[in-house]
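Contents: one structure, followed by commentary.
Letters A, B, ... are given to chains in the order of the sequence lines, protein chains preceding strands, and every chain is numbered from 1.
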Amino acid sequence: MNQAESLVLYNTLKREKQVFVPQDPERVTLYACGPTVYNQAHIGNARPAVIFDLLFKLLSRLYPKVVYARNITDVDDKINAAAAEQNVTIDVIANRYSDAYHTDMAALGVGLPSIEPRATDHIPQMIDMIERLVANGHAYEAEGHVLFAIESFAGYGALSGRDTGEMLAGARVGVVDFKRHPGDFVLWKPSVEPQPGWDSPWGWGRPGWHLECSVMSETHLGETIDIHGGGQDLVFPHHENEIAQSVCAHGGKVFARYWMHNGFVTCKRRKMSKSLGNTLVVSELLKQANGEVLRYLLLSAQYRQPLDWSEEALTRVQRTLDRVYGVLRDAAAKYGPFQAAQSPGDKFMAALLDDLNTPDALAELNSEARRLANADDADAARQSAGALLAAGELIGLFREDPASWLAGDTEGLDDALIDQLIVERNTARKERNFARADEIRDQLQAMGITLEDVADSTRWRRASEQG
RNA sequence: GGCCAGGUGGCAGAGUGGUUAUGCUGCGGCCUGCAAAGCCGUCUACGCCGGUUCGAUUCCGACCCUGGCCUCCA
């Protein structure tokens with residue numbers, strides 16, 4: 001059986017699920033729009049990172065070679081603004097926040113892509129692409145700007161379902177007199193000090209935002225890539241413009257064969273966005289929950305659906321993960337240690353292969369945990385635990401040791417004192433002095449420690465309710 | 001105004017033309033000195049109105065509602 005044949009993806013371009021057939025099975029190419037590094041990543045920014053990280057891992061199981069590029073936008077007006085405000089150069093800002101991004105993503109179990117290209121490392125290639133577009137009549141120079149002429153590309157609007165002729169209707173497109181069509185977008189624009197800039201045939205300037213993705217995917221992945229992903233808000237204009245640039249620069253060749261777009265993380269059902277000021281920063285969330293909790297929550301809805309973020313949801317996921325970790329610990333004590341199996345169970349795989357149906361995959365994972373809890377011999381336990389851990393490896397969960405997971409953040413706790421109290425309590429229990437025993441348990445509970453008496457010993461974990 | 005999603009049990013969230021999602025919570029039980037943990041059981045779910053069908057939450061049509069894109073945005 002060939003699992004690769006059954007990967008199905010929803011293609012935004014076609015508005016339907018399609019069987020994924022790579023251009024070249026020996027080299028599958030994936031490009032996802034990465035962060036613009038001008039401040040800290042919020043949890044909404046983390047969703048595509050987690051989704052495409054999972055897709056990358058899944059594809060890597062199916063094909064011998066997968067090249068995944070996730071860019072870093074390190075030249076942008078917002079970076080300029082941040083740099084000016086803090087009186088530093090843009091690379092200081094870009095480096096600071098790309099480092100922060102890496103730290104945050106690592107905590108969420110997001111691995112590094114195969115390539116992480118930066119816009120400023122590709123200026124010559126950008127200029128080259130602009131020259132090609134000007135030469136073949138798809139772009140024109142006007143007042144120091146170079147603009148892409150959307151009317152020169154018949155396919156413009158296909159991805160987002162827009163009609164070039166009706167683009168004036170909304171009347172929100174910035175009308176600038178030197179544009180031939182209001183929808184024409186900037187490939188290159190002039191810079192003035194202290195803005196960053198590079199020499200070009202059109203004078204000293206900087207690239208437009210959309211250009212970098214076309215150029216970097218061309219440079220690192222080739223003219224036609226298999227999958228291009230990003231957030232739903234990038235469909236228009238960003239991805240529409242990328243298509244226009246790339247297709248026109250490549251003599252009409254298809255740019256990306258499958259387009260995938262993730263839904264938003266919402267807060268009280270409203271899109272979380274920096275302009276609305278309702279963002280939750282990843283590094284802050286990591287102070288109240290383990291990265292796996294955040295990852296599980298991000299995966300708890302199918303990627304195209306909106307995901308409403310809340311404290312309650314966070315608590316819920318924490319409990320779910322605690323339970324599975326508890327099962328893992330108990331079963332390991334009885335039948336362990338366990339090792340991940342070669343591959344997760346068929347149902348788990350089938351769920352992921354169906355357009356990354358992560359809620360279904362997680363449901364299967366929970367069912368496997370139940371099977372593990374109910375296992376009544378070592379073989380059954382090993383099999384369930386193996387499948388569970390293999391699923392965890394693929395989806396990025398259960399990477400921690402169960403005991404330390406359940407102990408939680410032990411900072412500020414005095415292990416020796418806890419152990420001493422437990423010994424004291426067990427002595428009391430042996431003497432059937434239950435009043436004293438319960439008193440000690442209450443004392444520990446007040447310290448945030450919950451006791452669990454098992455067969456012939458007593459263990460503890462972090463209390464699930466914290467103030 | 002144009003385009004695109006979606007409305008499922010107390011909550012979150014999959015899915016299906018007729019059969020148990022899964023998780024969290026509540027309730028009952030097993031276990032326990034009592035708890036905790038785990039397990040078992042359980043709570044009249046599919047926005048509204050028509051249509052197709054032997055049968056629709058699942059297909060078709062209308063309607064209502066919610067959110068998103070059309071400007072930077074994951």
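- Residue-level contact check: A:V454 touches neither bases nor backbone, having no heavy atom under 4.0 Å from any strand.
- Going from the C1' atom of B:rA74 to that of B:rU16 covers 32 Å, rounded to whole Å.
- Side chain A:K78 to base B:rC72: a donor-acceptor pair is found below 3.5 Å.
- Residue contacts for A:A313: at a heavy-atom cut-off of 4.0 Å it reaches no nucleic acid atom on any strand shown.
- The distance between atom CG of A:D163 and atom P of B:rC3, rounded to the nearest whole Å, is 11 Å.
- In this model, the phosphate group of B:rG6 is not approached by any side-chain N or O of A:R269 to a distance below 4.0 Å at OP1 or OP2.
- For A:R441 and B:rA35, a side-chain-to-base donor-acceptor distance below 3.5 Å is present, hydrogens and geometry of angles not being considered.
- A:K268 has its NZ atom 17 Å from the C1' atom of B:rU66, to the nearest Å.
- Between A:N374 and B:rG38, a side-chain N or O to OP1/OP2 separation shorter than 4.0 Å is absent.
- A donor N or O paired with an acceptor N or O is found under 3.5 Å between the base of B:rC34 and the side-chain atoms of A:D453.
- Note: A:Y325 and A:F398 have perpendicular aromatic rings, judged against thresholds of 30 and 60 degrees for the angle between ring planes.
- Scanning atom types as modelled, no donor and acceptor separated by under 3.5 angstrom connect the side chain of A:K274 and the base of B:rC72.
- Among the heavy atoms of the strands lying under 4.0 Å from A:G230 are primed sugar atoms or P, OP1, OP2 only; no base atom is included.
- For the P atoms, the distance from B:rC31 to B:rC43 is 23 Å, rounded to whole Å.
- Checked against the 6.0 Å centroid criterion, the rings of A:H145 and A:F178 qualify as a close aromatic pair.
- Rounded to whole angstrom, the span from the NZ atom of A:K347 across to the C1' atom of B:rG15 amounts to 12 Å.
- Rounded to an integer number of Å, the gap from CG of A:N241 to C1' of B:rC73 is 14 Å.
- Atom pair A:Y296:OH and B:rC24:P shows a separation of 8 Å (rounding to whole Å applied).
- Within the 3.5 Å criterion, the main-chain N or O of A:W460 finds no donor-acceptor partner in the side chain of A:E452.
- Atom name P, nucleotides B:rG9 and B:rC46: the rounded distance is 7 Å, in whole Å.
- You won't find any donor-acceptor pair under 3.5 Å spanning the side chain of A:D233 and the base of B:rG68, going by distance alone.
- B:rC73 and B:rC27 are spaced 49 Å apart, taking the P atom of each and rounding to whole Å.
- For A:Y38 and A:Y97, the distance between ring centers is not under 6.0 angstrom.
- In this structure, A:F185 and A:Y156 have parallel ring planes: the angle between them is below the 30° cut-off, well short of the 60° mark.
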